Amino acid sequence: MTTFTTGAGTLTRDALAVLQPGFTGTTAPDWVRRRLAEGLVSVALFGRNVADPEQVTALTAQLRAERDDLLVAIDEEAGDVTRLEVRTGSSFPGNHALGAVDDPALTRRVARELGRRLAACGVNLNWAPSADVNANPDNPVIGVRSFGRDPALVARHTAAYVEGLQSNGVAACTKHFPGHGDTSVDSHHALPQIDLDATTLHERELRPFRAAIEAGTRAVMTAHIRVPVLDPDRPATLSPRILTGLLREELGYDGLIVTDGMEMGAVAGTYGLEHGVVLAIAAGADAICVGGGLADEDTVLRLQDALVTAVRSGELPEERLADAAARVRSLAAWTTGMRRPPAAADPAPEIGLTAARRAVTVTRAAGPAPVTDPVYVATFSPAPNIAVGDETPWGVGTELERLLPGTATGHFTGPDAGTEALRAAGGRRVVAVVRDEHRHPWMGAALDTLISAGPDTVVVEMGVPQSAPRGAVHIATHGAARVCGVAAAEAVLAG
């Protein structure tokens, strides 16, 4: 491999500037600090970089000792997708819960408090919110990450979230443009395609993005999806028609365009990582997100070299790379100017639990006995998607064990899950916890088994509540954040 870092000139510095790489460890690696001195402007934090808020604060201070105007990005949607609280579960409910409450002022307050906590840790770019309209209930990767199915609702909450987050100096990155909600394929693995007409695209998918732009979102993240009505050949991340023609020219957006993770299968598996990065910048993207899976110096050097080589060969116009780098530096300058938060920084530590409680909906059958004695909590666990990950705990078991000493818990999956849970319960009343029952036939069959054997079974749905409520008490939390589990456990006892 040939690298061009020796005597780094403008071209090489611009190539480094457009990268948003990840790294391993909870302290700043030497190679990252060297690259910051050579022109790198951004780094990305993932769950592997987080132990606790104090450690993250120390880490970002280490990094800023090398470059004061540093963009520190994180994928902190709250709710099911959390990095800052990856090992405990989020203190904030996710988008679907906020959409279920449908109080934009509450959404703004939640995002403001999240922004305050991120800013306190030295994080100033959040790859959130998701502005995807959850048009396909079988979507394997969006689901509770969406505010809902109604484009107007999603639009008003997206705008409120952007305003709340940015009020504390943390740049919002609204995603996944032009809308990932109507897919049935996870773009982490393959390239989804959305077949819809232009009218539906503009009235449904694009409405929340227009609202985000009007609210002043500082960044927009692309989707690795093919939308034939816009571009029959290339996915949005690599499409000049979508990024330059639609987002820049038609919608009038002038902020930073960030790609979704470039090592995801939808791009890297089809175009190759290096070629995909060149195509993305040429199409109009300004910043390259990479590091969820490839988090090493070699990856950064390979991508830097690919961009420099593409400019020197004429494949990528030098002015396009320079423009992209300038937009990255401009956002870094904005966050530096916002580093002293305004009055909105006043703490509101309980707002997440308040919102989670308001999001709970309870459906009761006639005459069920209230839950007063220890129960058996049977959690039916689907395979997690990559965005959520498998590190973050979820459910109501821990909280019910605290509230009802003697409560026992178990996790089950697969075609025999119901029978196994019934056996493990040993005659105790069951609280069955599910996540997107409508997407998993084995989960529905497990509930059939439990409810048939015990009509007093309590069902807690922590995904999208698409299936009809059933059980003696049915509790829908609209998400699986830690605070949603607390609110659900409270509802179990109140039922």
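Worth knowing before you read on, the calculation uses all heavy atoms, side chains too, and leaves out hydrogens, waters and symmetry mates. This is a predicted model, so every value here is computed, not measured.
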Ionic contact status for Arg204 with Asp197, cut-off 4.0 Å: no

Would you check if Arg145 and His176 make a side-chain contact, meaning some heavy-atom pair closer than 4.5 Å? yes

Lys/Arg-Asp/Glu bridge criterion (N-O < 4.0 Å) met for Glu420, Arg423: no

I need the minimum non-hydrogen distance between Leu70 and Leu63, along with the two atoms involved. CD2-CB, 3.4 Å

Is the shortest side-chain heavy-atom distance between Ile475 and Val396 below 4.5 Å? no

Can you tell me how the ring of Trp127 sits relative to the ring of Phe46, calling it parallel under 30°, perpendicular over 60° and tilted otherwise? tilted

Hey, can you tell me if His440 and Trp442 have their rings parallel, tilted or perpendicular (30° and 60° cut-offs)? tilted

Derivation and outcome, side-chain hydrogen bond (donor to acceptor under 3.5 Å, both in side chains), residues His438 and Ser467: CA-CA 5 Å; His438 67 283; Ser467 296; 4.9 Å; no

Could you check if a side-chain atom of Val377 sits within less than 4.5 angstrom of a side-chain atom of Glu401, using non-hydrogen atoms only? no

Between CD of Gln466 and CD of Glu461, what distance do you get to the nearest 0.5 Å? 9.5 Å

With a 4.5 Å heavy-atom cut-off, do Glu76 and Leu45 have their side chains touching? no

Taking NZ, NE, NH1 and NH2 as the nitrogens, is one of them in Glu350 or Arg357 under 4.0 Å from a carboxylate oxygen of the other? no

Going through the distances and angles, do Glu85 and Ser91 end up as a side-chain hydrogen bond (donor to acceptor under 3.5 Å, both in side chains)? CA-CA 8 Å; Glu85 298 181 277; Ser91 301; 2.6 Å; yes

Under a 4.5 Å cut-off applied to non-hydrogen side-chain atoms, are Met462 and Cys484 in contact? yes

How close do Ala446 and Phe380 get, counting heavy atoms only, and between which atoms? CB-CE2, 3.7 Å

So which pairs with a foot in residues 123-136 pass salt bridge (charged side-chain N to carboxylate O under 4.0 Å, His left out), sequence neighbours left out? none

Taking side chain as C-beta onward, heavy atoms only, is Val328 less than 4.5 Å from Ser42? yes

Which atoms form the tightest heavy-atom contact between Gly25 and Asn49, and what is the distance? O-ND2, 2.8 Å

Residues Glu113, Arg117: salt bridge by 4.0 Å N-O rule: yes

According to side-chain contact (heavy atoms from CB on, under 4.5 Å), who are the partners of Thr107, at least two apart in sequence or on a separate chain? Leu98, Phe147, His157, Ala160, Tyr161

Can you give me the closest heavy-atom contact between Ala97 and Thr477, atom names plus distance? CB-O, 4.0 Å

Nearest heavy-atom pair of Ala219 and Tyr253: which atoms, and what distance? CA-OH, 3.0 Å

Ion pair present between Asp102 and Arg156, side-chain N to carboxylate O less than 4.0 angstrom? yes

